[in-house]
Amino acid sequence: MADIHIEEFYKDTAIALVQLYNAFPRRVNLFVEDIAGPDQADEFGLHSRRHMACFGSLLWLAEEGYLRYVDTIRQEALDQAVLSHRAFTRLTAQASAELIDRFAPQQVADESIPPSVREDFSTHVHIIRETIRGGNSAQVSQVMQAVFFQDSH
């Protein structure tokens, strides 16, 4: 994928959704710096393009029904954010065989792992976590497209 801002969007949304999943069902503050990294405002107090793109991604997730929040904390965070039902059920759903084969084949196939754990390894959220850990932006983009944006739900 040639468009770096789109790869950043997929990475930001992946990290945000995993953070909210890890806290679910508690409401938490979702800080841009925890997702996109530290930001240094300019002499006018304006954030960098990268910071604002991440903040925009969080707002987009809310507008599209993937999360809810009470308010914004300036342009620094979403206050009391929580996953929506739509996002929670999508994250906990079983991934397609294609996604599992591409991104978590060893874990799901390992017979020494209890079946309930192998089942957890085949969820969308697990595949997203593993892909984020791998650090490959193109793979994060592919997983997020497959999980959230390619099929109807």
Side-chain angles (χ1 to χ4, degrees), residues 1-93 95-96 98-108 117 120-151 153:
M1 181 175 291
D3 295 321
I4 190 75
H5 69 285
I6 301 300
E7 285 187 355
E8 289 172 344
F9 164 79
Y10 284 126
K11 184 177 180 187
D12 293 345
T13 56
I15 292 169
L17 291 168
V18 167
Q19 282 184 6
L20 291 173
Y21 178 85
N22 290 341
F24 192 81
R26 291 179 297 116
R27 291 181 172 271
V28 295
N29 291 340
L30 195 57
F31 288 93
V32 173
E33 284 196 357
D34 292 344
I35 298 167
D39 181 58
Q40 190 67 35
D42 67 13
E43 64 272 11
F44 303 108
L46 301 175
H47 291 287
S48 68
R49 181 208 62 80
R50 176 73 184 97
H51 181 95
M52 292 309 298
C54 181
F55 186 68
S57 295
L58 298 179
L59 294 175
W60 184 89
L61 283 170
E63 290 166 359
E64 295 302 316
Y66 293 109
L67 65 85
R68 292 186 301 274
Y69 67 97
V70 172
D71 204 352
T72 58
I73 302 172
R74 296 179 303 282
Q75 294 174 325
E76 312 292 327
L78 299 184
D79 184 32
Q80 299 183 48
V82 66
L83 287 176
S84 67
H85 175 266
R86 175 183 184 191
F88 179 75
T89 56
R90 193 68 183 160
L91 288 169
T92 57
S96 67
E98 178 187 345
L99 270 182
I100 292 169
D101 288 344
R102 287 187 66 199
F103 299 103
Q106 300 85 5
Q107 296 165 332
V108 174
V117 176
D120 287 344
F121 285 163
S122 66
T123 61
H124 287 137
V125 71
H126 178 75
I127 290 173
I128 293 168
R129 280 184 188 133
E130 290 300 306
T131 308
I132 290 169
R133 262 180 248 177
N136 182 322
S137 294
Q139 287 182 340
V140 171
S141 296
Q142 292 166 5
V143 167
M144 290 303 289
Q145 287 174 35
V147 171
F148 282 97
F149 306 117
Q150 284 183 343
D151 17 292
H153 34 116

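Owing to the predicted nature of the structure, the values given are computational and were not obtained by experimental measurement. Heads up: numbering here begins at 1 and tracks the sequence. These values consider heavy atoms only, across backbone and side chains, with no hydrogens, waters or symmetry-generated copies.
The two atoms that bring L17 and L91 nearest to each other are O-CD1, 4.0 Å, heavy atoms only. Here the closest heavy-atom approach between residue F55 and residue L78 is recorded as CE1-CD2, 4.3 Å. Taking all atoms of both residues into account, the shortest heavy-atom contact from L20 to A81 is CD2-O, 3.7 Å. In plain terms, the two heavy atoms of S84 and G65 that are nearest each other are OG-O, 2.5 Å. The minimum heavy-atom distance between E7 and S137, with the atom names listed, is OE1-CB, 3.5 Å. Nearest heavy atoms, T13 versus M144: OG1-CE, 3.6 Å.
The side-chain heavy atoms of L59 and T72, taken from C-beta on, include a pair separated by under 4.5 Å. Residues V147 and I127 fail the side-chain proximity criterion, which asks for heavy atoms closer than 4.5 Å.
Checking side-chain atoms of D3 against main-chain N and O of I6 turns up no donor-acceptor pair under 3.5 Å. A donor-acceptor pair under 3.5 Å is formed between the side chain of N29 and the backbone N or O of Q80.
Among pairs with a residue in residues 43-61, those fulfilling salt bridge (charged side-chain N to carboxylate O under 4.0 Å, His left out) read E8-R49, E8-R50, D12-R50, at least two apart in sequence or across chains. Pairs engaging residues 59-76 under the salt bridge (charged side-chain N to carboxylate O under 4.0 Å, His left out) rule: none recorded [sequence neighbours left out]. Here ring-ring contact (aromatic ring centres under 6.0 Å, His included) pairs that include residues 17-48, with residues two or more places apart or in two chains, are F24-F88, H47-H51.
The SG atom of C54 sits 12.0 Å away from the CD atom of Q75 when rounded to the nearest 0.5 Å. Annotation: the span from R90 atom CZ to Y66 atom OH amounts to 8.0 Å, rounded to 0.5 Å. Annotation: the span from H126 atom NE2 to T131 atom OG1 amounts to 9.0 Å, rounded to 0.5 Å. Rounded to the nearest 0.5 angstrom, I35 CD1 and Q19 CD are separated by 5.0 Å.
Not counting sequence neighbours, the partners of A23 by the side chain to side chain contact (heavy atoms under 4.5 Å, CB included) test are R26, V28. Residues passing the side chain to side chain contact (heavy atoms under 4.5 Å, CB included) test with A62 are L67, Y69, sequence neighbours excluded. Residues forming a ring-ring contact (aromatic ring centres under 6.0 Å, His included) with F9 (at least two apart in sequence, or on another chain): W60.
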Quiz prompt | Candidate pair V32 and D39, rule side chain to side chain contact (heavy atoms under 4.5 Å, CB included), full reasoning | solution = CA-CA 9 Å; V32 173; D39 181 58; over 6 Å; no

Exercise. Could you walk me through whether L58 and L30 pass side chain to side chain contact (heavy atoms under 4.5 Å, CB included), step by step?
Key: CA-CA 9 Å; L58 298 179; L30 195 57; 3.8 Å; yes

Exercise. Tell me, with the steps shown, if R129 and N22 meet side chain to side chain contact (heavy atoms under 4.5 Å, CB included).
Key: CA-CA 11 Å; R129 280 184 188 133; N22 290 341; 2.6 Å; yes

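Remark: of the listed residues I100, L99, D101, L99 is the sole one forming a side-chain contact (heavy atoms from CB on, under 4.5 Å) with F103.
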